[in-house]
Amino acid sequence: MSEPTPKTRFAPSPTGALHLGNLRTALFNALLARGHGGRFVLRIEDTDRERCSPEAAQALMGNLRWLGLDWDEGPEAGGPAPPYHQHERGAIYDAYCARLEAEGHAYPCFCTEQELEMARRAQRAAGQPPRYPGTCARLSAEEVARKRAEGREPALRFRVPPGEEVRFHDRVHGEQRFRTDDLGDFIIRRADGTAAYLFSNAVDDALMGITDVLRGDDHLTNTPRQLLVLAALGLPAPRYGHMGLILGDDGAPLSKRNGSRSVDELEAAGYLPEAILNYLARIGHAYATEAPLGLEGLAEGFDTARLSPSPSRFDPDHLRHWQDEAVQAATAERLRLWLAMDALVPPGYVEELINAVRGNIRFPADGREWAKRVFGPPPALDADAEAAIEAAGAAFFETAAAAAEEGYNRFQGLRGALQERTGRKGKRLLMPLRAALTGRCSGPELQPMVDLMGGERVTARLRRAVEVAAEERAQEG
RNA sequence: GCUCCCAUCGUCUAGCGGUUAGGACGCCGCCCUCUCAAGGCGGAAACAGGGGUUCAAAUCCCCUUGGGAGCGCCA
């Protein structure tokens with residue numbers, strides 16, 4: 001018997017921006033499918049109209065596409081099990097709910113929020129687990145009819161069979177056993193008629209043919225409930241794998257407080273998709289290589305047996321490392337689009353500039369900064385640069401400017417002429433030059449930058465350096 | 001409170017009964033070098049604690065401790 005090709009899904013609730021934890025879940029599910037020639041489904045879990053918005057769903061899809069995590073089935077892609085927005089699947093849920101109710105697996109519950117809240121508080125106070133007390137579990141048909149006649153809209157609650165044990169094999173944690181007595185009856189349809197997560201999520205996985213579900217550990221204790229629902233409905237259950245959660249750098253759940261940023265924020269900050277992907281793929285999952293991988297490589301090396309059950313911490317330094325790797329590995333063309341600095345660079349020079357500065361940049365702003373220093377007006381001098389210029393003295397720059405004006409304005413020529421005329425070499429020669437030309441004492445190799453600048457700019461900057469050095473002399477004197 | 005999950009350098013991790021406990025990030029040093037990066041080389045840095053099982057335990061079992069999750073008409 002061969003393994004069926006996997007079908008995985010990402011089933012986000014569009015309640016806000018896509019964050020790293022959820023994104024990793026999406027990534028692993030996508031990798032599992034892609035690595036085995038399977039299919040990846042996107043399903044929007046928007047049954048809670050209060051909290052969900054179409055804008056958030058749209059943004060989320062944009063994020064996934066930006067990262068290259070396109071889905072094979074789902075919104076805007078179609079597929080054999082539409083619709084892929086849960087808010088459009090009400091009729092399906094109604095039918096399954098009706099069946100559960102007819103077969104006694106579910107019952108209407110008229111308890112109000114306040115009643116439930118009070119019951120929970122009382123249970124906690126008494127040292128009891130806060131579980132549904134079963135108030136409406138044994139309502140007679142007459143009582144139900146009467147309450148309905150009073151105009152009260154009930155929620156639908158799943159009747160958890162007592163005294164049983166639910167077992168399943170988790171791909172990450174191994175064998176799991178839960179006693180149904182620890183569960184408590186749970187809501188599968190709200191009083192407003194919309195389906196609740198536990199129910200719609202499980203039913204849709206079955207209906208959409210999902211074979212494998214990778215999700216966070218926070219769902220581990222939900223699993224027996226979903227298994228119970230599927231069993232009552234005679235629907236197949238997927239294979240589950242629960243991964244350790246990503247925590248903040250303080251060990252608390254990931255949130256804005258401890259450094260988590262949304263995909264939107266990371267994109268705005270200049271992170272490349274490859275950086276985010278490589279970083280996330282290595283949290284809770286180990287690859288054989290530390291080299292940066294593309295989506296295909298990540299999928300190829302992905303193995304659920306290498307998923308970690310333990311929680312891990314988000315580390316901004318590590319993300320930055322993958323950003324550096326991504327920048328170094330990217331083609332010049334890729335960086336050109338990312339840097340968006342065409343307006344700052346004369347046509348035809350972009351690639352050369354990129355290759356000159358790529359080792360010194362991490363974000364687009366860094367690249368644009370160098371573009372301006374090379375091709376813009378003489379750049380502002382920072383304190384170190386000014387000091388270096390003053391230390392070299394006006395005479396040095398006078399000589400340099402003269403040489404440039406004579407035509408020694410390419411790097412090698414200028415360097416040779418200056419060495420000959422001033423007797424300076426090495427650092428004593430090049431540091432003042434660097435300061436005068438780029439405004440800073442650190443940065444990419446001088447040679448390509450100087451040659452990219454061209455004679456006019458070089459001369460102008462050297463002339464300015466003469467003035468700066470002379471002014472200083474005058475002030476001191 | 002109850003149920004469940006987790007535990008190797010500061011962080012991400014390899015390890016699945018016998019290893020000098022390996023790698024990566026970060027940190028430190030050296031090399032390269034006009035500087036800063038990049039790159040190369042090297043260094044400091046870990047099996048939470050206690051009991052078992054075994055000839056042998058980071059690895060298997062139990063307890064403690066410490067983290068995390070669930071117990072919602074949120075997902």
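Every chain is numbered from 1, with letters handed out A, B, ... down the list of sequences. In what follows, every heavy atom counts, from backbone to side chain, and hydrogens, waters and symmetry copies are set aside.
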Discussion item. Going by side chain to side chain donor-acceptor pair (under 3.5 Å), name the residues that satisfy it together with A:Asp48, two or more places apart in sequence or in a different chain.
Written reply: none
Practice prompt. Name the nucleic acid region contacted by A:Gly359, choosing base, sugar-phosphate or nothing; use a 4.0 angstrom heavy-atom cut-off, strictly under.
Written response: base
Worksheet item: Looking for any heavy atom pair under 4.0 Å, which part of the strands does A:Gly244 touch: base, sugar-phosphate only, or nothing?
Response: nothing
Worksheet, complete the sentence: For A:Arg424, the salt bridge (charged side-chain N to carboxylate O under 4.0 Å, His left out) test, sequence neighbours excluded, returns none
Worksheet item: Rounding to the closest angstrom, what is the interatomic distance between B:C16 and B:U8 at atom C1'?
Response: 13 Å
Worksheet entry | Parallel, tilted or perpendicular: ring planes of A:Phe28 versus A:Phe302, cut at 30 and 60 degrees | tilted
Worksheet entry | Interatomic distance at P, B:C61 relative to B:C4, whole Å | 16 Å
Can you give the donor-acceptor pairs under 3.5 Å from side chains of residues 432-440 of chain A to other protein atoms, not counting sequence neighbours?
residue, atom, partner, partner atom, Å
A:Arg434, NH1, A:Pro444, O, 3.1
A:Arg434, NH2, A:Pro444, O, 3.0
A:Thr438, OG1, A:Arg434, O, 2.8
A:Thr438, OG1, A:Arg440, N, 3.3
A:Thr438, OG1, A:Arg440, O, 3.2
A:Arg440, NH2, A:Ser442, OG, 3.4

Discussion item. Would you say CZ of A:Phe186 has more than 12 non-hydrogen atoms from neighbouring residues, nucleotides or ligands within 6.0 angstrom?
Written reply: yes
Discussion item. Please give the distance between the P atoms of B:G10 and B:A46 as a whole number of Å.
Written reply: 7 Å
Discussion item. My understanding is that only residues two or more places apart in sequence, or in another chain, count here; which of them pass ring pair (Phe, Tyr, Trp, His ring centres under 6.0 Å) with A:Phe314?
Written reply: A:Tyr279
Practice prompt. Using the P atom as the reference point in each nucleotide, state the distance between B:U54 and B:A7 in Å, no decimals.
Written response: 25 Å
Item to complete: Indicate, with a heavy-atom threshold strictly under 4.0 Å, whether A:Leu220 touches base, sugar-phosphate, or nothing.
Response: sugar-phosphate
Discussion item. Over all strands shown, is A:Asn360 touching base, sugar-phosphate only, or nothing at heavy-atom distances under 4.0 angstrom?
Written reply: base
Discussion item. Considering every strand and a 4.0 Å limit on heavy-atom distances, what is the contact class for A:Ser442: base, sugar-phosphate, or nothing?
Written reply: base
Item to complete: Could you label the plane-to-plane angle of the A:Phe199 and A:Tyr93 rings as parallel, tilted or perpendicular, counting under 30° as parallel and over 60° as perpendicular?
Response: perpendicular
Discussion item. By the 4.0 Å heavy-atom rule, please label A:His219 as base, sugar-phosphate, or nothing.
Written reply: base
Practice prompt. Remember a base hit wins even if backbone is also touched, and classify A:Arg157 as base, sugar-phosphate or nothing at under 4.0 Å, heavy atoms.
Written response: sugar-phosphate
Worksheet item: Taking only residues two or more places apart in sequence, or in another chain, which ones meet A:His85 in a ring pair (Phe, Tyr, Trp, His ring centres under 6.0 Å)?
Response: A:His87
Item to complete: Quick one: look up who B:C55 pairs with, Watson-Crick or G-U, both distances under 3.5 Å, and put none if it's unpaired.
Response: B:G18
Discussion item. I'd like the P distance from B:U64 over to B:U3, given in whole Å.
Written reply: 12 Å
Worksheet item: A:Ala191 near the nucleic acid: base, sugar-phosphate alone, or nothing, with a heavy-atom cut-off under 4.0 Å?
Response: base
Practice prompt. Indicate, with a heavy-atom threshold strictly under 4.0 Å, whether A:Thr15 touches base, sugar-phosphate, or nothing.
Written response: nothing
Discussion item. Distance check, C1' atoms only: B:U53 and B:C71, in whole angstrom units.
Written reply: 36 Å
Discussion item. Would the distance check show the side chain of A:Gln226 and the main-chain N or O of A:Leu198 forming a donor-acceptor pair, the cut-off being under 3.5 Å?
Written reply: yes
Fill in: Touch class at under 4.0 angstrom, heavy-atom based, for A:Asn222 against every strand present
base
Fill in: Counterpart residues, side chain to side chain donor-acceptor pair (under 3.5 Å), relative to A:Arg179 (two or more places apart)
A:Asp182
Worksheet, complete the sentence: By the Watson-Crick or G-U definition, both distances under 3.5 Å, B:C4 is matched with B:G68
Worksheet item: Hey, which of these two, A:Ser312 or A:Asp218, hits RNA chain B nearer its 5' end, going by closest nucleotide?
Response: A:Ser312
Worksheet item: Does A:Glu50 CD have over 12 foreign heavy atoms under 6.0 Å away?
Response: no
Discussion item. Holding to side chain to side chain donor-acceptor pair (under 3.5 Å), I want the full list of residues that pass it with A:Glu150, two or more places apart in sequence or in another chain.
Written reply: none
Worksheet item: Looking at residues 427-436 of chain A, who's got a heavy atom less than 4.0 Å off RNA chain B?
Response: A:Lys427, A:Leu430, A:Met431, A:Arg434
Worksheet item: Watson-Crick or G-U wobble partner for B:G39, using a 3.5 Å limit on both distances?
Response: B:C31
Discussion item. Using a 4.0 Å cut-off to any heavy atom of chain A, which nucleotides of RNA chain B are the first and last in contact, reading 5' to 3'?
Written reply: B:G1 to B:A75
Worksheet item: When rounded to the nearest Å, what value does the distance between P atoms of B:C2 and B:G18 take?
Response: 38 Å
Item to complete: Determine the contact category for A:Glu290: base if any of its heavy atoms lies under 4.0 Å from a base atom, sugar-phosphate if only primed atoms, P, OP1 or OP2 are that close, otherwise nothing.
Response: base
Worksheet item: For A:Arg225 and A:Arg177, take the nucleotide of RNA chain B holding the closest heavy atom to each; which residue's nucleotide lies nearer the 5' end?
Response: A:Arg177
Item to complete: Name the nucleic acid region contacted by A:Pro130, choosing base, sugar-phosphate or nothing; use a 4.0 angstrom heavy-atom cut-off, strictly under.
Response: base
Worksheet item: Using a cut-off of 4.0 Å on non-hydrogen atoms, how would the nucleic acid contact of A:Gln123 be classed: base, sugar-phosphate, or nothing?
Response: nothing
Practice prompt. Identify whether any heavy atom of A:Phe178 sits under 4.0 Å from a base atom; if not, whether one sits that close to sugar-phosphate; answer base, sugar-phosphate or nothing.
Written response: sugar-phosphate
Discussion item. Does the structure show a Watson-Crick or G-U wobble partner for B:C25, both distances under 3.5 Å? Name it, or say none.
Written reply: B:G10
Response to the item:
As its Watson-Crick or G-U partner within any shown strand, both distances under 3.5 Å, B:C47 has none
Worksheet item: Expressed in whole Å, how much space separates the P atoms belonging to B:C60 and B:G17?
Response: 8 Å
